[in-house]
Amino acid sequence: MFYYLFTYLDNAFDVPGAGVFQYISFRAAAAIITSLIISLLFGKSLISLLKRKQVGESIRDLGLDGQMEKQGTPTMGGLIILGAIFIPTILFAKLDNIYIILMLFTTLWLGAIGFLDDFIKVFKKNKKGLAGKFKIYGQVVLGLVIGLTMYFNDGIVIREKISAEELIQTTEEGEVIRITDPTQKFSRETVKSTKTTIPFFKNNEADYSKIIAFMGEGYAKWAFLIFVPIVILIIAGVSNGANLTDGIDGLATSTSAIIGATLGILAWISGNIVFADYLNIMYLPNTGELTIFISAFVGACIGFLWYNSYPAQVFMGDTGSLAIGGIIAVFAILIRKEFLIPVLCGIFLVESLSVIMQVGYFKYTKRKFGEGRRIFKMSPLHHHYQVKGYAEPKIVMRFMIVGIMLAVITIITLKLR
């Protein structure tokens with residue numbers, strides 16, 4: 001909104017300073033500051049409202065120290081995060097950008113599903129909330145929308161890297177010249193593609209369509225049959241992983257802020273032709289605009305930590321956890337860095353695996369020995385450390401340290417091949 005207003009003022013009236021809104025860096029900074037302010041101001045008011053309406057969390061007794069003291073803590077605080085993402089994005093991003101449209105849709109869609117789940121738990125007094133299959137249906141619908149839009153929408157394109165041979169030109173006098181201008185190292189024409197980035201490989205691009213190359217000539221037009229299911233799987237996996245990580249005060253929010261900041265860097269360099277050339281990565285026109293959205297996301301997570309850090313004054317509930325997981329997944333897919341998710345979102349992955357391993361091993365041993373056995377003292381993994389006697393703040397801090405290490409590794413994969 002402000003982008004269009006100040007662009008008009010700059011062009012029509014040459015208002016001093018109005019041109020600064022043309023810079024992504026300025027609008028990203030404005031977005032994160034605005035998001036923080038909204039989180040802090042709106043958060044306090046919402047917590048008071050939730051307390052008046054007695055919208056409290058129902059705690060299941062797992063035998064953990066200090067757990068039952070959280071009974072009645074306001075939940076559905078994810079509304080703070082959603083508002084702090086949505087409003088700055090509307091104010092500072094280009095709203096006709098297809099990437100921004102998809103991210104706003106993701107935020108609202110998964111936020112609505114999470115809100116419905118929390119609403120059933122709190123107001124209908126049903127501790128199970130929304131049936132798991134309906135959450136999966138919602139994630140599948142989102143995956144279909146994202147996958148099909150990426151495949152068919154003409155605004156989502158890449159510019160191919162020119163081969164090394166084409167960068168060398170010979171003049172009429174026989175002089176050999178090598179092109180060094182980054183803007184000339186990519187094709188002038190944009191193309192539709194199902195290519196993505198593969199970390200740790202020298203030629204780090206892979207095309208989903210190659211999976212069905214056995215179908216013969218014209219196989220590429222059926223690539224969406226492979227691409228869309230993969231998108232659905234990634235969205236469901238990361239969204240549910242974030243949901244499982246949201247188990248102790250500040251854990252999901254802090255790790256998500258680290259992940260968001262890393263994704264913001266990846267989006268900025270992928271949408272900048274100079275950096276894309278220097279790092280020899282895929283150039284994705286118009287993805288730089290996603291930096292504004294992810295800046296608002298990071299600001300929202302950090303702002304929410306003001307109230308969600310130990311001891312939490314509010315819980316995000318599924319309203320927040322489903323949304324932040326889905327946002328991370330869709331964002332990574334849009335900038336074609338989804339294969340970096342296992343590294344970047346390693347905390348989510350380990351939390352999910354700990355549950356899968358625990359349940360699987362328990363069922364296996366019960367069937368074989370007549371008595372179920374456990375790998376961890378409790379799952380997800382953060383509860384394992386709680387049972388071992390670690391204080392919540394220490395667990396969160398150590399998970400954050402690991403999250404920062406994973407973020408650094410993710411960034412260096414751009415050059416480590």
Side-chain angles (χ1 to χ4, degrees), residues 1-3 20-21 23-47 76-95 97 99-100 102-108 110-111 114 242 245-246 249-269 271 287-309 312-317 319-332 334-335 344-345 396 400 403-404 407:
M1 187 180 297
F2 283 160
Y3 169 81
V20 74
F21 276 81
Y23 294 97
I24 288 176
S25 55
F26 173 81
R27 288 185 287 130
I32 195 170
I33 292 170
T34 305
S35 181
L36 282 166
I37 293 171
I38 292 172
S39 299
L40 297 177
L41 298 181
F42 176 56
K44 185 175 182 179
S45 301
L46 180 63
I47 292 170
M76 301 175 77
L79 292 171
I80 300 171
I81 297 175
L82 299 182
I85 293 172
F86 199 82
I87 295 172
T89 303
I90 292 292
L91 291 177
F92 298 106
K94 295 181 183 179
L95 301 180
N97 182 293
Y99 294 105
I100 293 295
L102 289 175
M103 290 311 308
L104 289 176
F105 174 76
T106 299
T107 304
L108 291 177
L110 288 179
T245 305
D246 182 32
D249 300 350
L251 179 57
T253 319
S254 58
T255 51
S256 295
I258 295 167
I259 293 169
T262 308
L263 289 173
I265 295 171
L266 295 175
W268 187 52
I269 62 179
T287 55
E289 200 66 21
L290 284 170
T291 310
I292 287 86
F293 176 90
I294 206 67
S295 295
F297 173 83
V298 172
C301 289
I302 295 173
F304 185 71
L305 269 175
W306 186 272
Y307 301 106
N308 186 238
S309 57
Q313 296 171 256
V314 65
F315 298 138
M316 71 169 71
T319 305
S321 60
L322 282 177
I324 62 176
I327 287 169
I328 289 168
V330 172
F331 196 98
L334 290 179
I335 62 173
L344 179 58
C345 300
V396 173
M400 282 180 62
I404 293 170

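All residue numbers refer to positions in the sequence shown, counting from 1. Computation of the quantities below employed the complete heavy-atom set of this structure, encompassing side-chain atoms and omitting hydrogens, waters and symmetry-equivalent molecules.
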Test side-chain contact (heavy atoms from CB on, under 4.5 Å) on Val330 and Leu110; report intermediate values, then the result. CA-CA 11 Å; Val330 172; Leu110 288 179; over 6 Å; no
By the salt bridge (charged side-chain N to carboxylate O under 4.0 Å, His left out) test, which pairs, at least two apart or in different chains, include something from residues 33-42? none
Test of understanding: with salt bridge (Lys or Arg N to Asp or Glu O under 4.0 Å), list the residues that count as partners of Asp246, not counting sequence neighbours. none
In short, Ile85 meets Ala300 closest at the heavy-atom pair CG1-CB, 3.8 Å
On a heavy-atom basis, which atom in Leu82 and which in Ala323 lie closest, and how many Å separate them? CD2-CB, 3.8 Å
What pairs with Phe42 under ring-ring contact (aromatic ring centres under 6.0 Å, His included), at least two apart in sequence or on another chain? none
Listed by chain and number, what are the ring-ring contact (aromatic ring centres under 6.0 Å, His included) partners of Phe21, not counting sequence neighbours? Phe6, Phe26
Shortest non-hydrogen contact from Val298 to Ile32? CG1-CD1, 4.2 Å
For the pair Tyr307 (side chain) and Leu40 (backbone), establish whether a donor and an acceptor sit closer than 3.5 Å, ignoring hydrogens and angles. yes
Any donor-acceptor pair under 3.5 Å linking the side chain of Ser35 with the backbone of Ala84? yes
So CE of Met1 and CD1 of Ile90: to nearest 0.5 Å the spacing works out to 6.5 Å
Using the rule given for side-chain contact (heavy atoms from CB on, under 4.5 Å), can you reason through Thr287 versus Leu334, listing the C-alpha separation, both sets of side-chain angles and the distance that settles it, and then say yes or no? CA-CA 8 Å; Thr287 55; Leu334 290 179; over 6 Å; no
Would you please name every residue forming a side-chain contact (heavy atoms from CB on, under 4.5 Å) with Asn308, sequence neighbours left out? Thr253, Phe304, Ala312, Phe315
Carefully, step by step, assess Ile324 and Phe297 under the rule side-chain contact (heavy atoms from CB on, under 4.5 Å). CA-CA 8 Å; Ile324 62 176; Phe297 173 83; 3.8 Å; yes
Atom pair CG/CE of Leu251 and Met400 - distance to nearest 0.5 Å: 9.5 Å
Which residues satisfy the side-chain contact (heavy atoms from CB on, under 4.5 Å) test with Ala407, sequence neighbours excluded? Ile258, Thr262, Leu344
Member of Leu263, Ile294, Thr106 meeting the side chain to side chain contact (heavy atoms under 4.5 Å, CB included) criterion with Ile328: Leu263
In terms of heavy-atom contacts, Pro88 and Ala296 come closest through CB-CB, 4.0 Å
Validation row: Phe293, Ile327 side chains within 4.5 angstrom (heavy atoms): yes
OG of Ser254 to CD1 of Ile259, rounded to nearest 0.5 Å, is 9.5 Å
Taking atom CE of Met316 and atom CG of Leu322, what is their separation to the nearest 0.5 Å? 10.5 Å
Working to the nearest 0.5 angstrom, can you tell me the gap between Arg27 CZ and Thr34 OG1? 12.5 Å
Non-neighbouring partners of Ile87 that pass side-chain contact (heavy atoms from CB on, under 4.5 Å), sequence neighbours left out: Ile38, Leu91
Nearest non-hydrogen partners of Ile302 and Ala257, listed with the distance: CG1-CB, 4.1 Å
For the backbone of Gly288 and the side chain of Thr291, can you confirm whether one donor and one acceptor N or O come within less than 3.5 Å of each other? yes
Those residues that, when tested against Ala93, pass side-chain contact (heavy atoms from CB on, under 4.5 Å) (two or more places apart): Thr89, Ile100, Glu289, Ile292
Where Leu290 and Met103 come nearest, the two heavy atoms and their spacing: CD2-CG, 3.5 Å
Considering residues at least two apart in sequence or located in another chain, which fulfil the ring-ring contact (aromatic ring centres under 6.0 Å, His included) criterion with Phe331? none
To the nearest 0.5 Å, atom OG1 of Thr107 lies from atom CZ of Phe86 at 8.0 Å
